[in-house]
Amino acid sequence: FVELPSGFMIPTVGLGTWELQGEEGLRAISTALDIGYRHIDTAEMYGNHDIVGRAIKSYDRPDLFITSKVGAAHLHYDDVVSVCDSTLLELGTEYLDLFLIHWPNPAVPMQQTLDALEHLVERGKIRDMGVSNFQPHRMRQALEITPHPIANNQVELHPYLWQDELARLCRDRGVTVTAYAPLGRRHVLEDNTLRMIAEEHGVTPAQVSLRWLLQKGCIVIPRSTSEQHLRENFELWHWELSAVDMAAIDDIPERERFINKTFEDFQEG
Ligand code: NAP
């Protein structure tokens with residue numbers, strides 16, 4: 001667990017739910033909850049609040065940590081508030097633990113989106129507010145605009161994409177970082193360095209990728225529909241990577257972003 005500005009704790013391993021839909025998606029989320037996952041990452045854009053809501057119904061709400069995100073097309077003040085209301089209805093819950101701006105949208109003044117999130121915190125509809133896909137310049141801008149703490153920035157991070165400036169900035173300003181696509185959508189799993197380290201520890205390359213991110217201080221939200229993978233991705237505590245292993249992964253020469261590569265903010269630098 002890591003503590004957020006609200007004082008509530010976020011579990012450092014959560015379940016990603018992008019593309020989890022229908023009965024198969026429901027089964028994956030329910031299996032994850034059976035295994036012990038208590039942190040679920042969803043979004044307005046994923047269109048799956050209904051199955052998340054069905055899966056969490058039999059659990060005590062305070063034991064769960066639910067993140068959702070408002071889409072880039074809905075960042076005007078009233079839209080943020082109404083998306084939050086419909087999200088709560090669809091999930092069948094009275095509050096979100098974390099509500100994020102899914103993608104920045106320069107067409108909408110950031111101030112009004114952050115004001116709306118702050119309003120939702122004050123109304124008790126969300127416990128913490130945060131952002132996603134905010135590069136360092138937008139992160140600085142957001143931190144300047146709002147006096148309210150920004151709890152989290154959810155960004156793409158895995159052994160082929162470490163965003164050092166962003167990670168340092170977030171750490172220095174008390175913003176937790178969630179690594180999305182922490183397996184690089186499977187692309188990193190064939191990597192020789194990860195395979196070698198995995199073999200030494202008797203674990204899998206997926207576990208090495210997740211453990212590397214955890215040891216770098218990130219929260220991870222891998223997605224899977226396979227029970228075996230869900231278990232694997234949750235068994236990260238009985239072993240650790242040495243400083244030599246960490247450095248070897250840091251030194252992997254491949255560098256690649258897999259999600260929304262053409263997004264304008266990602267073209268800089
Ligand atoms: P990911 O978690 O990096 O990779 C998911 C893929 O890896 C699936 O094909 C899964 O297949 C496979 N996999 C999972 N565990 C495995 C294991 N132990 N061994 C081998 N293969 C394994 O990709 P992602 O879903 O894009 O990212 C995770 C979550 O981050 C998303 O679901 C979403 O919640 C969030 N996200 C957020 C944003 C954003 O803009 N904020 C963008 C992208 C993603 P199986 O089902 O066969 O296991």
Side-chain angles (χ1 to χ4, degrees), residues 10-22 24-29 31-32 35 37 39-49 51-52 55 65-73 75 96-105 130-135 138-139 151-163 166 176-191 194-195 198 201 203-214 218-236 256-263 265-266:
I10 180 169
T12 50
V13 181
L15 175 72
T17 68
W18 179 67
E19 278 196 329
L20 297 189
Q21 299 287 344
E24 191 195 23
L26 175 61
R27 207 164 31 247
I29 301 165
T31 304
I35 290 169
Y37 287 75
H39 167 186
I40 308 225
D41 180 79
T42 178
E44 178 197 5
M45 210 181 88
Y46 302 167
N48 63 8
H49 286 149
I51 55 167
V52 175
F65 189 100
I66 311 291
T67 303
S68 192
K69 320 180 191 83
V70 55
L75 299 187
L96 291 172
D97 294 276
L98 185 59
F99 197 36
L100 308 177
I101 301 172
H102 203 153
W103 289 89
N105 177 355
V131 298
S132 177
N133 296 299
F134 272 41
Q135 292 295 98
R138 289 215 195 273
M139 194 67 238
N152 183 263
N153 188 5
Q154 184 180 122
V155 293
E156 181 177 344
L157 291 172
H158 44 68
Y160 287 176
L161 184 71
W162 179 250
Q163 306 192 51
L166 185 64
T176 61
V177 173
T178 299
Y180 77 60
L183 307 175
R185 294 234 165 116
R186 301 183 89 132
H187 291 278
V188 304
L189 303 181
E190 296 301 316
D191 185 85
L194 292 196
R195 290 171 76 119
H201 288 273
V203 296
T204 66
Q207 289 174 306
V208 171
S209 183
L210 297 171
R211 183 73 212 193
W212 176 76
L213 288 162
L214 289 172
C218 298
I219 295 151
V220 294
I221 47 168
R223 162 184 55 107
S224 180
T225 47
S226 133
E227 178 171 352
Q228 189 199 323
H229 291 164
L230 286 167
R231 285 193 188 282
E232 226 176 272
N233 298 347
F234 204 62
E235 280 165 15
L236 302 171
E256 195 170 353
R257 184 184 283 283
F258 297 108
I259 283 91
N260 210 356
K261 290 181 214 223
T262 56
F263 182 59
D265 285 7
F266 297 158

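Numbers for residues simply follow the sequence, beginning at 1. Remember, it's 1-based here, ligands and their atoms both numbered in the order they're listed.
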* Verify, without hydrogens or angle tests, whether E232 (side chain) and A206 (backbone) share a donor-acceptor contact under 3.5 angstrom. => no
* Asked: Of the listed options (R185, M45, E227), which comes nearest to atom 24 (P) of ligand 1 when hydrogens are ignored and any heavy atom counts?
  -> R185
* Would a distance-only check, ignoring hydrogens and angles, find a side-chain to backbone donor-acceptor pair under 3.5 Å from E156 to F258? -> yes
* **Sub-3.5 Å N/O-N/O distance, T204 and ligand 1** => no
* Give the contacting part of S224 toward ligand 1: side chain, backbone, both or neither, where contact means a heavy-atom distance below 4.0 Å. => both
* Taking the side chain from T12 and the backbone from I219, do they hold a donor-acceptor pair closer than 3.5 Å? -> no
* Asked: Evaluating non-hydrogen atoms only, which member of L210, N260, I40, L183 is closest to atom 13 (N) of ligand 1?
  -> L183
* Would you check if the side chain of S209 reaches a backbone N or O of P205 as a donor-acceptor pair within less than 3.5 Å? => no
* Asked: When you look for heavy atoms under 4.0 Å from ligand 1, do you find them on the side chain of L189, its backbone, both, or neither?
  -> side chain
* Structure fact -> ligand 1 to H102, heavy atom cutoff 4.0 Å, flagged ligand atoms 39 (C), 40 (O), 41 (N)
* Ring centre gap for H187 and Y160 strictly below 6.0 Å -> no
* To do: Examine distances only and state if a side-chain atom of T17 and a backbone atom of D41 form a donor-acceptor pair shorter than 3.5 Å.
  => yes
* Structure fact -> ligand 1 atoms nearer than 4.0 angstrom to some heavy atom of T17 are 32 (O), 34 (O)
* To do: Examine the proximity of ligand 1 to N133 and report which part, side chain or backbone, both or neither, has a heavy atom under 4.0 Å away.
  => side chain
* Structure fact -> If we number the atoms of ligand 1 from 1 as shown, the ones under 4.0 Å from a heavy atom of Q154 are 35 (C), 36 (N), 37 (C), 38 (C), 39 (C), 41 (N)
* Taking the side chain as C-beta and beyond, is there a heavy-atom pair between Q163 and V177 under 4.5 Å? -> no
* Asked: Any heavy atom of W103 sitting closer than 4.0 Å to ligand 1?
  -> yes
* **atom 32 (O) of ligand 1: nearest protein contact (heavy atom, Å)** => W18 N, 3.0 Å
* Structure fact -> closest protein heavy atom to atom 10 (C) of ligand 1 is R223 O, 3.6 Å
* To do: Provide the number and element of each atom of ligand 1 under 4.0 Å from a heavy atom of Y46.
  => 33 (C), 34 (O), 35 (C), 36 (N), 37 (C), 38 (C)
* To do: Check K69 against ligand 1 and report side chain, backbone, both or neither, counting heavy atoms closer than 4.0 Å.
  => side chain
* Measure from the side-chain N and O atoms of S226 to the backbone N and O of H229, and report whether any donor-acceptor pair falls under 3.5 Å. => yes
* **atom 34 (O) of ligand 1 - nearest protein heavy atom and its distance** => D41 OD2, 2.7 Å
* To do: For the residue pair S224 and N233, confirm or rule out a side-chain donor-acceptor distance under 3.5 Å.
  => no
* Asked: So, does Q228 sit close enough to ligand 1 that a heavy atom of it is under 4.0 Å from the ligand?
  -> no
* Asked: Do any nitrogen or oxygen atoms of I259 come within less than 3.5 Å of a nitrogen or oxygen of ligand 1?
  -> no
* Asked: Should E232 be counted as touching ligand 1, given the test is an N or O pair under 3.5 Å?
  -> yes
* Among protein heavy atoms, which lies nearest atom 38 (C) of ligand 1, and at what distance? -> Y180 CD2, 3.3 Å
* To do: List every atom of ligand 1 that sits less than 4.0 Å from any heavy atom of I221, numbering the atoms from 1 in the order shown and giving each element.
  => 28 (C), 29 (C), 30 (O), 35 (C)
* Donor-acceptor pair, side chain of N105 and main chain of A72, under 3.5 angstrom -> yes
* Sidechain N-carboxylate O distance under 4.0 Å for E227, R231 -> yes
* ligand 1 to A181 polar contact by distance, N or O atoms, under 3.5 Å -> yes
* If you measure from atom 12 (C) of ligand 1 to every heavy atom of H187, R186, H158, E235, which option wins on shortest distance? -> R186
* Could you tell me which atoms of ligand 1, counted from 1 in the order shown, lie closer than 4.0 angstrom to a heavy atom of P222? => 2 (O)
* Are the charged groups of K69 and E44 less than 4.0 angstrom apart, N to O? -> no
